[in-house]
Amino acid sequence: MTVRTRVAPSPTGEPHVGTAYVALFNWVFARQYGGQFILRIEDTDRERSDSASEAMIIEALRWAGIDWDEGPDREGPCGPYRQSERGAVYRRHVRDLIDGGNAFYCFCGPDRLDALRRAQRERGETSRYDGLCAGLDPEVSASRVEAGEPHVVRMRVPPDGVCRFEDRLRGTIEIPWSQVDMQVLLKSDGFPTYHLAVVVDDHLMGITHVLRGDDWINSMPKHALLYRHFGWDMPEHAHLPLLRNPDRSKLSKRKNPTSLHYFRDVGYLPEALLNYLGLMGWSMPDEREVFGIDEMVAEFDLDRVSTGGPVFDLEKLNWLNGQYIRNLTPDQFADRVGQWTLNRDRLAQLVPLIQSRTERFIDIAPQVDYLLGERRELSADLFDHRTLTAEDCKRVLHHALAMMATVRPWDSGALMGECRALAGAMDIRLRDFLFPLFVAVSGRAAALPLFDSMAFLGPDLTRTRLRSALAALGGISKKATKRLDKDFAALARGSRDRANN
RNA sequence: GUCCCCUUCGUCUAGAGGCCUAGGACACUGGGUUUUCAUCCCAGUAACAGGGGUUCGACUCCCCUAGGGGACGCCA
């Protein structure tokens, strides 16, 4: 049996470094056994998925140096490799589950489910569906579906006992069935949920080893049950430790740069990034720390992966990257810098901003210093303003940060629209609203056009600078953060309502 | 709250019962090389979460406690 692994990202925004991490381990494992590695796009959430994100994932993984044998851009025997194009496959399998009595139609709406969950949580229980529609006569359900009533399909779950399954890294794990929800398999829009799609696709695509983040451990019973219902053998599962923020919570863009674009744009070499990711939860038998991906393939041992979640530490990555940079020949160095940001495409983004402001080329560097280099360290006095207090600045920065968590696409126009709306909602003149952002982004009160600057820097680097600006202003206490979050939510709600009217 | 997972220096880790006076790397500190800086070299600070077992012997095995994390969505 040849080894087949996969990585299955969701195209819902910037390409995440965690995707590269999981992809690396899957890739290395497959290569080591001379097997295949597959890229599958899990775009069943049609609200959040878009093709631009998919393109970014493909491009970013390629940049990182990871390739795949089959994928949406590289057809193979098990395609299509985009879940949104596999609807018929899922519906067929759901049909089988229903016919076999292992799944049922559910007509419960969000209001009832909300109330149910709230009540269960108040009673201190794990919230889960209560099975109301599980008892419906199949004939009756079928006719309601026939009549066009909105519905989902849920899986049946054993009423008691425990689910026992194997994790390659942790051994046997047991989870009581009482904790497992009657998971929705088919949403009311006809698309499958992750749980159904992942099982069907992993089986149909011949996946032999599933290496994925350990946040999936709790859903193993659902998956194990589906394999059983379908009568399929389960692939081997190994749950990799989750990358962490310095505070040990799961790595998130709210607290840290996570986009592969960030790593590319600030000048990490992809081979250094992969090397660093290879050090997360794994180590060479001889403890060598600087190694290429081919060396990793040669020495990799899945059973030496550790289970404690590693903190993603930029400092060690910086050191490693320095090692790689110093090992470049002068020619290579020049080439790599050229590929980085001193290339035509990247420079072209700058031209509209700087040309009108340039009399001699020597004027260019000082204008773009904060775009091509680290912006200067900030001190609180840089935020002195004739009308805004330091507290006002913090509020603006906090709300801008909150807004940036969801703006898409990340471009000048969208940022401007959001900032205008936010300034309006906060009842602050746009020019004043922009002041703390200019300082945060550029280190100066006046710089190249702000939204273009942000667009050039990208979301992670921009957010990193806003966070550091907030810190320079003394930071925000936990309590104040809570208050500001509330404040922002209220403003956002207000402007949404206005937009709808 | 319920369930699940995890727990060696600040961080990444080595360690699969005696090789551990717990090793390496990053960071930090000190020293050296260097016209500055950086690189480079040398040295130093720093950890087995706590408590019970098992054993002649426990960082390594078992149990409990504590701490951390995750899941609990018609998101993945």
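The figures here come from the full heavy-atom set of this structure, side chains too, leaving out hydrogens, waters and symmetry mates.
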Partner nucleotide of B:U36 by Watson-Crick or wobble geometry (both distances under 3.5 Å): none
A:F107 six-ring face occupied by A:R144 cation (under 6.0 Å, within 45°): yes
Presence of donor-acceptor pair under 3.5 Å, side chain of A:E122 and base of B:G1: no
Euclidean distance, atom CD of residue A:E287 to atom P of B:A22 [Å, nearest integer]: 16 Å
Sugar-phosphate only, base, or nothing, as touched by A:E47 at under 4.0 Å among non-hydrogen atoms: nothing
Closest to the A:P176 side chain, choosing from B:C5, B:C3, B:A76: B:C3
B:A71 OP1/OP2 closer than 4.0 Å to side-chain N/O of A:K222: no
Nucleotide of B:C5, B:C74, B:G24 approaching A:V184 most closely (side-chain heavy atoms): B:C74
Length of the CG-P vector between A:L314 and B:A27, whole Å: 13 Å
Donor-acceptor pair present, A:R128 side chain and B:C72 base, under 3.5 Å: no
Phosphate-side-chain proximity, A:R212 and B:A76, N/O vs OP1/OP2 below 4.0 Å: no
N/O donor-acceptor pair under 3.5 Å between A:R40 side chain and A:Y81 backbone: no
Ring geometry between A:Y268 and A:Y262 (parallel below 30°, tilted from 30 to 60°, perpendicular above 60°): tilted
Short side-chain N/O contact from A:R248 to OP1 or OP2 of B:G70, under 4.0 Å: no
Watson-Crick or G-U counterpart of B:U60, or none if no pair lies under 3.5 Å: none
Validation row: A:V152, A:S188 side chains within 4.5 angstrom (heavy atoms): yes
C1' spacing across the pair B:A27 / B:G67, given as an integer number of angstrom: 25 Å
Atom pair distance, as rounded to whole Å: CZ in A:R121 and C1' in B:G73: 11 Å
A:T193, nearest nucleotide to its side chain (from B:G1, B:C6, B:C74): B:C74
Touch class at under 4.0 angstrom, heavy-atom based, for A:R244 against every strand present: sugar-phosphate
C1' atoms of B:A16 and B:U8, separation to the nearest Å: 14 Å
Nearest-0.5 Å distance that lies between atom CD1 in A:I173 and atom CD in A:E166: 8.5 Å
Nearest heavy-atom neighbours spanning A:G281 and A:P310: N-CG, 4.2 Å
A:D50 CG - B:A76 P separation (whole Å): 15 Å
Base B:G24 paired with A:E289 side chain (donor-acceptor, <3.5 Å): yes
Pairwise P distance for B:U39 and B:A25, with rounding to whole Å: 16 Å
B:U13 base / A:S283 side chain donor-acceptor hit below 3.5 Å: no
For atom CG of A:N321 and atom P of B:A27, their distance in whole Å: 13 Å
Phosphate OP1/OP2 of B:C28 contacted by A:K316 side-chain N/O (<4.0 Å): no
Whole-angstrom distance between B:A46 and B:C9, as gauged at atom C1': 5 Å
Value in whole Å for how far the C1' atom of B:G73 lies from CG of A:D181: 9 Å
Touch class at under 4.0 angstrom, heavy-atom based, for A:C108 against every strand present: base
Geometric class of the A:F300/A:F29 ring pair [parallel <30°, tilted 30-60°, perpendicular >60°]: perpendicular
Any A:R304 side-chain nitrogen or oxygen under 4.0 Å from OP1 or OP2 of B:G15: yes
Any A:S127 side-chain nitrogen or oxygen under 4.0 Å from OP1 or OP2 of B:G73: yes
C1' atoms of B:G44 and B:G24, separation to the nearest Å: 16 Å
Short side-chain N/O contact from A:R117 to OP1 or OP2 of B:C74, under 4.0 Å: yes
Nucleotide B:A25, atom P - distance to CD of A:Q323 in whole Å: 12 Å
Residue matched to B:A43 through Watson-Crick or wobble contacts both under 3.5 angstrom: B:U29
A:K250 side-chain N/O to B:A71 phosphate OP1/OP2 under 4.0 Å: yes
Nucleotide opposite B:A16 in a Watson-Crick or G-U pair, distances under 3.5 Å: none
Any-strand Watson-Crick or G-U partner of B:U21, both distances under 3.5 Å: none
Counterpart base for B:C3, defined by Watson-Crick or G-U wobble contacts under 3.5 Å: B:G70
Length of the line joining A:L279:CG and B:G24:P, which is rounded to integer Å: 16 Å
